[in-house]
Amino acid sequence: MNSNSLSLHKLWSTLKEAVKGGERDYTQIPLNQAIVFLAIPMVLEMVGESLFAVVDFFFVSQVGEAAMATVGLTESVMFLIYSLSIGLANAATAMVARRIGEKEPEQAAIAAAQAILISLAISIMIAIPGFLFAGNVLALMGAEADVLETGTGYTRIMFATNGVIMFLFLLNGVFRGTGNAAIAMRVLWLSNIINMILDPCLILGLGPFPELGVEGAAIATSIGRGTGVAFQLYLLFNGEKSIQLKASDFVPRWDIIKRLLGVAAGGTGQYLISSASWIFLTRIVAEFGTSVMAGYQSAIRSIIFAILPAFGLSNACATLVGQSLGAEQPDRAEKAAWRSSFYAMVYMVIVSILFFVGADWVIELFAESPAALDAGITCLRIISSGYIFFGFGLVLSMAFNGAGDTRTPTIINFLAFWIVQIPLAYFLATSLKMEQTGVYVAILIAEVVFTTICILWFRQGKWKKTMI
């Protein structure tokens, strides 16, 4: 067997072992191996999460541009819920990872249970007003009359079932904290298989199923995610060795809840800032018509799907940083962050080139009208030009979160997205009359600012002293 065959065989074995999962001490195995074993299932997990949006958008695009705009506007607001979910999930990951690094699995289980209680309370508080005022939310986002008529039901369902989104993020964050990222990956793929089967059936009315249009997408997504949550809970109570939940873990521990909320507040804050900035950007783009909005949403979904490996690497980095600090190995935590960031940067350069060259083909998968195609292609090419910066900064920002320092990336997000991106987007789009192109340029500039600040702040090393 020649050297090339040996290398391919080793690569294939590593991939299989990473997807298979299992218990490993990530504070002891070689760093590159630890990154690979965590990143591969986390990348596949993120692909699974993004497939919800891509698959839904593909089938909804068969209904019409009003339906596409409905999904885009609703998702922009749902980013607020995603922010709450991700913030709490990051807090759970950080605390569980720290306890696992300290070799205290019982305390990790208690932390996970307290996070579940918090998530349950928040989801109920969102579901009721969201269901009642769904139409008002769309109108506030600038939806035109045809979008309001088509999409209010979709928005109502998505708000009412926000709990499955929150639990899916949170419980996968718990699994990532234990280092068993393969379980989180399997949960997302199970959810997606169900969603991909139900989407065409409920949206287009295949076979015995009713044709529900855009509302069918909301129902299919909620059923898929709900099934995933049921599987997660089963594993946490019965099948996961590194962390086992018991009924007694759910007795409120106010000290732990307070610490979780403290970490989650910073994590949620940074994602709320980021999500709110996207809402403002979407609101600006909406001024230029439904076709432009459809093209913009086509590009954004393509962008989100393409950067998933960088998100996977960032989540792997957060787990390694948390467990390494728990094991009192701060130097290993720092090396994990820099190395993961470099790998993400290399990947994003490749994607940037592919998107710039193949933008026409990508947007044609979703959009049809000339205005939508032009808006989507321009958006994709401009934003992807900053991928090399965004990938590096994304991983470093998650390194802060893995350490439990959620305050720092919150400040960085505020500076990059609210102080720079939003005012610049409005100025370029309206004052300089660049219209939607001005929004795309502002996003590119904000990516560069975000990464530059992340690098400068991370090098100071204060994150290593964070207690959680």
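This structure is a prediction, so every number in the text was calculated from the model and none was measured. Values below: every heavy atom of this structure, side chains too, minus hydrogens, waters and symmetry copies. Numbering of residues begins at 1 and proceeds along the displayed sequence.
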Check: Can any side-chain N or O of Trp463 pair as donor or acceptor with the backbone N or O of Ala399 at less than 3.5 Å?
Finding: no
Next item on the list: Report yes if some heavy atom in the side chain of Arg176 is under 4.5 Å from a heavy atom in the side chain of Thr319; otherwise report no.
Entry: yes
Margin query: Suppose we call two aromatic rings close when their centres sit under 6.0 Å apart. Are Phe450 and Phe389 close by that rule?
Written below: no
Next item on the list: Give a yes or no on whether Arg259 atom CZ has more than 12 heavy-atom contacts from other residues, nucleotides or ligands under 6.0 Å away.
Entry: yes
Next item on the list: Evaluate the side-chain proximity of Ser222 to Ile157: yes if any heavy-atom separation is below 4.5 Å, no if none is.
Entry: yes
Next item on the list: For residues Leu325 and Pro330, determine if any side-chain heavy atom of one lies less than 4.5 Å from a side-chain heavy atom of the other.
Entry: yes
Notebook entry, point to check: Do Thr451 and Leu394 come within less than 4.5 Å of each other through their side chains, counting heavy atoms only?
Noted result: no
Margin query: Within the 4.5 Å heavy-atom criterion, are Glu215 and Ile203 side-chain neighbours or not?
Written below: no
Next item on the list: Report yes if some heavy atom in the side chain of Glu334 is under 4.5 Å from a heavy atom in the side chain of Phe458; otherwise report no.
Entry: yes
Check: Please walk me through it: do Val164 and Phe167 pass side chain to side chain contact (heavy atoms under 4.5 Å, CB included)?
Finding: CA-CA 5 Å; Val164 295; Phe167 279 110; over 6 Å; no
Checklist line | Test item: Val449 and Leu415 side chains (from C-beta on) under 4.5 Å apart, heavy atoms | finding: no
Next item on the list: Give a yes or no on this: more than 12 heavy atoms of other residues, nucleotides or ligands lie within 6.0 Å of atom NZ of Lys335.
Entry: no
Notebook entry, point to check: Taking C-beta and beyond as the side chain, do Arg339 and Phe342 meet within less than 4.5 Å on heavy atoms?
Noted result: no
Item checked: Pair Thr408-Asp405, side-chain donor/acceptor within less than 3.5 Å -> yes
Check: Under 3.5 Å, is there a donor-acceptor pair linking the side chains of Asp249 and Gln244?
Finding: no
Margin query: Restricting to non-hydrogen atoms, name the atom on Tyr440 and the atom on Ile383 that form the minimum distance, rounded to 0.1 Å.
Written below: O-CG1, 4.1 Å
Next item on the list: Give me the ring orientation class for Trp338 and Phe392: parallel if the planes are under 30° apart, tilted from 30 to 60°, perpendicular past 60°.
Entry: tilted
Item checked: Glu104 CD: over 12 foreign heavy atoms closer than 6.0 Å -> yes
Margin query: Is there a side chain to side chain donor-acceptor pair (under 3.5 Å) between Asn90 and Thr93? Walk through the geometry before answering.
Written below: CA-CA 5 Å; Asn90 285 345; Thr93 297; 5.0 Å; no
Next item on the list: Dump the intermediate steps for side chain to side chain contact (heavy atoms under 4.5 Å, CB included) on Arg253 and Ile257, then the final yes or no.
Entry: CA-CA 6 Å; Arg253 316 289 174 94; Ile257 289 176; 5.6 Å; no
Margin query: Students often mix this up, so state it plainly: with edges at 30° and 60°, are the rings of Phe250 and Phe237 parallel, tilted or perpendicular?
Written below: parallel
